[in-house]
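Shown next, in structure tokens, is the structure this report addresses.
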Amino acid sequence: MNTLTIFLGMVGPWQWIIIGLAILLLFGGKKLPELMKGLGGGIKEFKKAAQEDDEDKKKDEKIDKK
């Protein structure tokens, strides 16, 4: 069995709490909202780019059919 699967498969609620506390200690309470906002913006931008790529592919398919 893959060792990565073993470690990731055994993460329970207490481990998530410890990870969250470690992140809070590393970045502090004031920086955390900024980090989450940046992460959300990045995800939003990625989704937008993926949708534009799908639209471009559909346009190319329509042109190829003609």
Side-chain angles (χ1 to χ4, degrees):
M1 192 181 277
N2 192 355
T3 56
L4 184 61
T5 306
I6 292 171
F7 288 119
L8 291 178
M10 294 185 180
V11 177
W14 285 109
Q15 286 83 6
W16 285 113
I17 292 171
I18 292 170
I19 292 168
L21 289 174
I23 291 172
L24 186 61
L25 286 173
L26 286 173
F27 295 108
K30 293 182 181 180
K31 288 274 186 177
L32 208 54
E34 288 179 29
L35 290 171
M36 293 300 114
K37 185 177 180 181
L39 181 65
I43 292 171
K44 186 177 181 179
E45 192 67 31
F46 178 78
K47 286 182 180 181
K48 181 180 173 183
Q51 286 177 345
E52 288 175 359
D53 188 43
D54 288 342
E55 290 172 3
D56 289 343
K57 285 182 183 178
K58 288 178 184 178
K59 288 180 185 177
D60 290 341
E61 287 175 1
K62 287 181 183 178
I63 292 172
D64 290 340
K65 288 182 181 179
K66 290 183 180 180

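We count residues from 1, following the sequence as given. If you're wondering where the values come from, they're calculated on a predicted model, not measured in any experiment.
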Tracing side-chain contacts under 4.5 Å among Ile, Leu, Val, Met, Phe, Trp and Tyr outward from Trp14 reaches Ile17, Leu21

Tell me, please, which residues at least two apart from Ile19 pass side chain to side chain contact (heavy atoms under 4.5 Å, CB included).
-> Trp16, Ile23

Measure the NZ-NZ distance between Lys37 and Lys44 for me, rounded to the nearest 0.5 Å.
-> 10.5 Å

Could you grab the distance from atom CE of Met36 to atom CZ of Phe27, nearest 0.5 Å is fine?
-> 8.0 Å

For Ile43, enumerate each residue passing the side chain to side chain contact (heavy atoms under 4.5 Å, CB included) test, keeping only those at least two apart in sequence or located in another chain.
-> Leu39, Lys47

